[in-house]
Every structure is written in C-alpha cells, then in structure tokens.
Amino acid sequence: MTDLVPPTYLAFNPATRHVRLDPHEAAFFQNPYAAYAFMYGASNVFFWEEFGFWCFGGFDDVSRLLRDRRFGRHNPAGIPDRSVGEDRTHLSSFDGIEANSMLELEPPVHTRLRTLVNRAFVSRQVERLRPRVEALANELIDRFEPGQVDLLPAFASLLPITIIAEMLGVPVEMGPQLLDWSHRMVAMYMHGRTRETEETANRAAHDFSDFLRGHVAERRKNPGDDLLSLLISAQDDGQRLSEDELVSSAILLLNAGHEATVHQTGNAVRAILAQGGDPRRFFTSPQTTTATVEECLRFDAPLHMFTRYAYEEFEVGPGVIVRPGETIGLLLGMANHDPMAFAEPFAFRPDRLDQKNVSFGAGIHFCIGAPLARLELQVSLKTLFDRLPRLHLAEQPRFRDTYHFHGLERLVVHTGQ
C-alpha cells in the first residue's frame, strides 16, 4: 500500500480495490499521470466504477493480457453495452463496417484479413515513403505564416491524412472530409457518448462507405499503383477480400492511419519543448531520432485505454474473476510509466536502456500501421525542429476531454522565424 495522498478527484477503496474517478474530470485528463502514480502505490489492478470493469495498469500485466488468447476484441455475448440503449437499428451502417473490421475480429477471420492487408503494409513498403514524407513535411512548414501557427491543423493532421490518402489512391483534396468522417466515427469509442453521437457516427459510416465503394468500383476497372488496387488484387490461398471487407479495411487504415499519429505528434512536440534547450539535440542521427520517437511513444501515448472481452471464465489476477463477455481495460498510458518496468518512469529520457512501450498494443492486434506511424514521426519531428529550432509555445496546450484518445485541443507555437 502507498502512503501517497490520492488526487482530490480520485477515491480508492483498498478493501475492494474499487476506484471512483470521472474520466471527464479536467484535472485528470489534463494529467492522468498523477492518478497513475498514486495507483501504482495502491494497486495497479482495480475496478474502475465509472467504466464498470476491471483495469490493469502494470506493464507486464498489460503486455501479457494483450497477448492472452482467452481475451479478444469480438464480444461473444453480443454488443449491447456499446450502444445507448439496447436497440441498434440506428447504427446499421456503423455496425456493418465494424463487423468486417480487423480491429474487432478474431482468428481465423482476423488472420485471413490481416494477411491480405499486411502484404501492402509491411515495413519495406512503408520505408519507400520516407522521401515523400520528408518532402511533404517541408512543404507544410513552408506554408507557415511568420509568427504563430497551430501545429495540429497546419502540420500534425495534414501530414498523415495526406500520406494515407495518397497510399490508398483517394483524392488528397478529400482530406478534410475524410478527417470529419473519421472524427465522428472515433467518437463511438469515447466514454459517455450520447444518442446524437451514435447517429452522427452512423451517418459518417454510411457516407464514408459510399465514398469508398465508388472508388473501389473505379479501381476494379482501372487498377493503379495504390493500396486500394493492391487490396482488391490481394489473395490468400485463392481467397480475396469481399467488398465489405475491403471497405472496412480501407476505413480502418484511413482512421487508424492518421488519428493516433496526429495526437502523438502533438504530444511529442509538447514533450520535447518542455525539455528546454536546443531540440535538435534529440535528432542528431538516425539512432537518436529513433530513440527520441520511441521515448515520445512511451512518455505520452496517444491511446490510454484498450478494451478486450473475456472468452472464458477464469481468474485473470489475484481475486479478479472474469466471465465470458465481460470487459477488461488495459491502461496503455499507465503501463508505459510502471516504476517496476522503467527507471525514472516520469522522466523524458530518450537514452534510457529500458526503452519499450505498449503504445501500439501487442499480440495479434498489434497496430498494423506501426511502421508507417514510426516513420512519419521520425521524419516529421526531425524536419520540424531542424527547420525551426527556435520553435516555442505561444500558449499552454490543453488536452481534449477524451480520455481514451489522449491528444491536445490546440498546439499554438511561435515559429521563431
């Protein structure tokens, strides 16, 4: 047990290991690490009452449970807990996409889908994009007006959405619309969503799907050198992606291909600027650049909670018994600061010898876009600070009220030009 005093917004019952902590409490989502620090001393396994399930925050526990095949993303008991109310007829388009999404499936269907998609998304294919990412980063910086700029819309958002749109072969000028559809769909995963949130997400899913089906039809007639054409032609033992699987995969790649990278870019710039001094010291070689990006991923991850469903009844931890269909929460941001796994876990140290993180997950659902995200972060951050070494904050950045997706509202900086 800890002698630490819990933050005022957190109530912990050591007898039951129940925690009362509103994820919409500003003091928490602005700095969840204060709560994590207390919980490490109290119990890194606890029942989070606001979510209604057991959560795990230890690095070894999270890493183990991400790989444990007794858990998965597909809910064997159905999915009523993810809707406001039992009726899901208003979510038919959203559910149609989810039903064929790799993120929500398990073997053998997941294995077939991932194998087909991964052939167009492996590291060696992604590495060929490095010159294009660097050129685009420079192009976006060239557009900055002297003085102040909000890096999120001007840089962090535009770079990954442009790259993934070019990869898929969809019009880059559709970028703002793709972002809008993505944001509306991702809102489905937030705590405390409303019926309006669900209806908006369903409309976005419908429109997004229609848009992609039109492009799929065009690519079937006129294939090109793009990811959509590769997905259409990809085969595994003679099996191809169905149209629904293809659309769901493209939407997942578009959403996942930029959403987390936007947040991580903002969080990384904030963390690097907080260290003071010349930021170029973190990017003096490919090795230091890689180490800096890995520490950014650990230090302030863009995704803090990943949920999984139990497939059988068993004791997942001391005194914690789960039953089929029950949810557990894996706290990625907390695991990345486990004092049992990291020396000085709350310090930003790219040169640490214990460098590791669970920010991209682990096991069969390890982020398929991790190679692309890492490359984009390495190139964009190095280019930004090489070009603008006197970059500094114009205002104190604040995080959005979205605990799952930990990202900034704005990132207004002085360019130093």
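These figures come from a predicted structure and were not determined experimentally. Just the heavy atoms: all of them, side chains too, but no hydrogens, waters or symmetry mates, feed the values below.
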Within the structure provided, determine whether Leu178 and Phe211 are in side-chain contact (heavy-atom separation under 4.5 Å). yes
Would a distance-only check, ignoring hydrogens and angles, find a side-chain to backbone donor-acceptor pair under 3.5 Å from Glu395 to Val412? no
Report yes or no: do Gln378 and Arg130 form a side-chain donor-acceptor pair below 3.5 Å? yes
Once rounded to the nearest 0.5 Å, what's the spacing between atom CG of Leu136 and atom CG of Leu159? 4.5 Å
Out of Asp150, Leu393, Leu388, which residue meets the side-chain contact (heavy atoms from CB on, under 4.5 Å) rule with Val413? Leu393
Closest approach of Leu408 and Pro397, non-hydrogen atoms and distance? CD2-CB, 3.8 Å
For residues Phe385 and Leu391, determine if any side-chain heavy atom of one lies less than 4.5 Å from a side-chain heavy atom of the other. yes
For Glu344, is there an ion pair with Arg352 - N to carboxylate O distance below 4.0 angstrom? no
His404 and Phe51 aromatic centres sub-6.0 Å: yes
Ring centroids only, cut at 6.0 angstrom: are His304 and Tyr33 within range, meaning strictly under it? yes
If you apply the rule ring-ring contact (aromatic ring centres under 6.0 Å, His included), what do you find for Phe342 with His337, and how did you get there? CA-CA 7 Å; Phe342 302 97; His337 290 76; 7.6 Å; no
Is Glu312 atom CD crowded by more than 12 heavy atoms from other residues, nucleotides or ligands, each under 6.0 Å away? yes
For the student: nearest non-hydrogen atoms of Leu375 and Val126, plus distance: CD1-O, 3.6 Å
Ignoring hydrogens and geometry, is there a side-chain-to-backbone donor-acceptor pair from Arg281 to Asp278 under 3.5 Å? yes
Side chains of Glu49 and His18 only: does a donor on one sit below 3.5 Å from an acceptor on the other? yes
Give a yes or no answer on whether the side chain of Asp300 reaches the backbone of Asn267 with a donor-acceptor pair at less than 3.5 Å. no
Hey, is the main chain of Leu230 close enough, under 3.5 Å, to the side chain of Ser233 for a donor-acceptor pair? yes
For atom CG of Asp225, decide whether the heavy atoms of other residues, nucleotides or ligands shown that lie under 6.0 angstrom number more than 12. no
Electrostatic pair Glu294:Arg298 at N-O distance under 4.0 angstrom: no
Short side-chain donor-acceptor distance under 3.5 Å, Asn202 and His90: no
Validation row: Glu198, Thr194 side chains within 4.5 angstrom (heavy atoms): no
For Pro389 and Pro279 the tightest heavy-atom approach is O-CD, 3.4 Å
Take atom NE2 in His183; do more than 12 heavy atoms of anything else shown fall under 6.0 Å from it? yes
Determine, for Arg220 against Glu243, whether the closest basic-nitrogen to carboxylate-oxygen distance falls under 4.0 angstrom. yes
Is a side-chain donor or acceptor of Arg308 paired with a backbone partner of Leu66 at a separation under 3.5 angstrom? yes
Can you name the closest pair of heavy atoms from Ser209 and Val247 and give their distance? OG-CG1, 3.6 Å
Give a yes or no on whether the backbone of Leu152 and the side-chain of Ser157 come within a donor-acceptor separation of less than 3.5 Å. yes
Decide yes or no for Phe71 and Leu330: does some side-chain heavy atom of the first lie under 4.5 Å from some side-chain heavy atom of the second? no
Any donor-acceptor pair under 3.5 Å linking the side-chain atoms of Ser359 with those of Asn336? yes
What about Trp48 and Tyr403, are their ring centers closer than 6.0 Å? yes
Check: Phe46 main-chain N/O paired with Ser43 side-chain donor or acceptor under 3.5 Å: no
Least distance between heavy atoms, Pro160 atom then Ala156 atom: CD-O, 2.9 Å
Applying side-chain hydrogen bond (donor to acceptor under 3.5 Å, both in side chains), run through Thr289 and Thr292 and close with a yes or a no. CA-CA 5 Å; Thr289 297; Thr292 296; over 6 Å; no
Does this structure show an ion pair linking Asp354 with Arg349, if we count only N-O contacts that are shorter than 4.0 Å? no
Atom of Ala137, atom of Phe155 and distance for their closest heavy-atom approach: O-CE1, 3.7 Å
For Asp142 and Arg387, run salt bridge (charged side-chain N to carboxylate O under 4.0 Å, His left out): C-alpha distance rounded to whole Å, both residues' side-chain angles, the deciding distance at 0.1 Å, then the answer. CA-CA 10 Å; Asp142 288 340; Arg387 290 279 308 271; 2.7 Å; yes
Aromatic Phe282 / basic Lys382 pairing, under 6.0 angstrom, 45° off normal: no
Are the charged groups of Arg280 and Asp386 less than 4.0 angstrom apart, N to O? no
Could you list the donor-acceptor pairs under 3.5 angstrom formed between side-chain atoms of residues 54-64 and any protein atom two or more places apart in sequence or on another chain?
residue : atom : partner : partner atom : Å
Asp61   : OD1  : Arg64   : NH2          : 3.0
Ser63   : OG   : Arg67   : NH1          : 2.5

Does Arg219 come within less than 4.0 Å of Asp226, counting only side-chain N to carboxylate O? yes
Between Phe29 and Arg400, is there a cation-pi geometry (under 6.0 Å to ring centre, at most 45° from the normal)? no
Taking everything shown except Arg390 itself, do over 12 heavy atoms lie less than 6.0 Å from its CZ? no
Just wondering, do Glu166 and Thr162 contact through their side chains at under 4.5 Å, heavy atoms? yes
Within the 3.5 Å criterion, strictly below it, is a donor on Thr200 or Thr197 matched to an acceptor on the partner's side chain? no
Can you check whether Tyr36 and Phe346 have ring centres sitting under 6.0 Å from each other? no
Answer yes or no: is there a donor N or O on one side and an acceptor on the other, between the side chain of Thr383 and the main chain of Glu134, under 3.5 Å? no
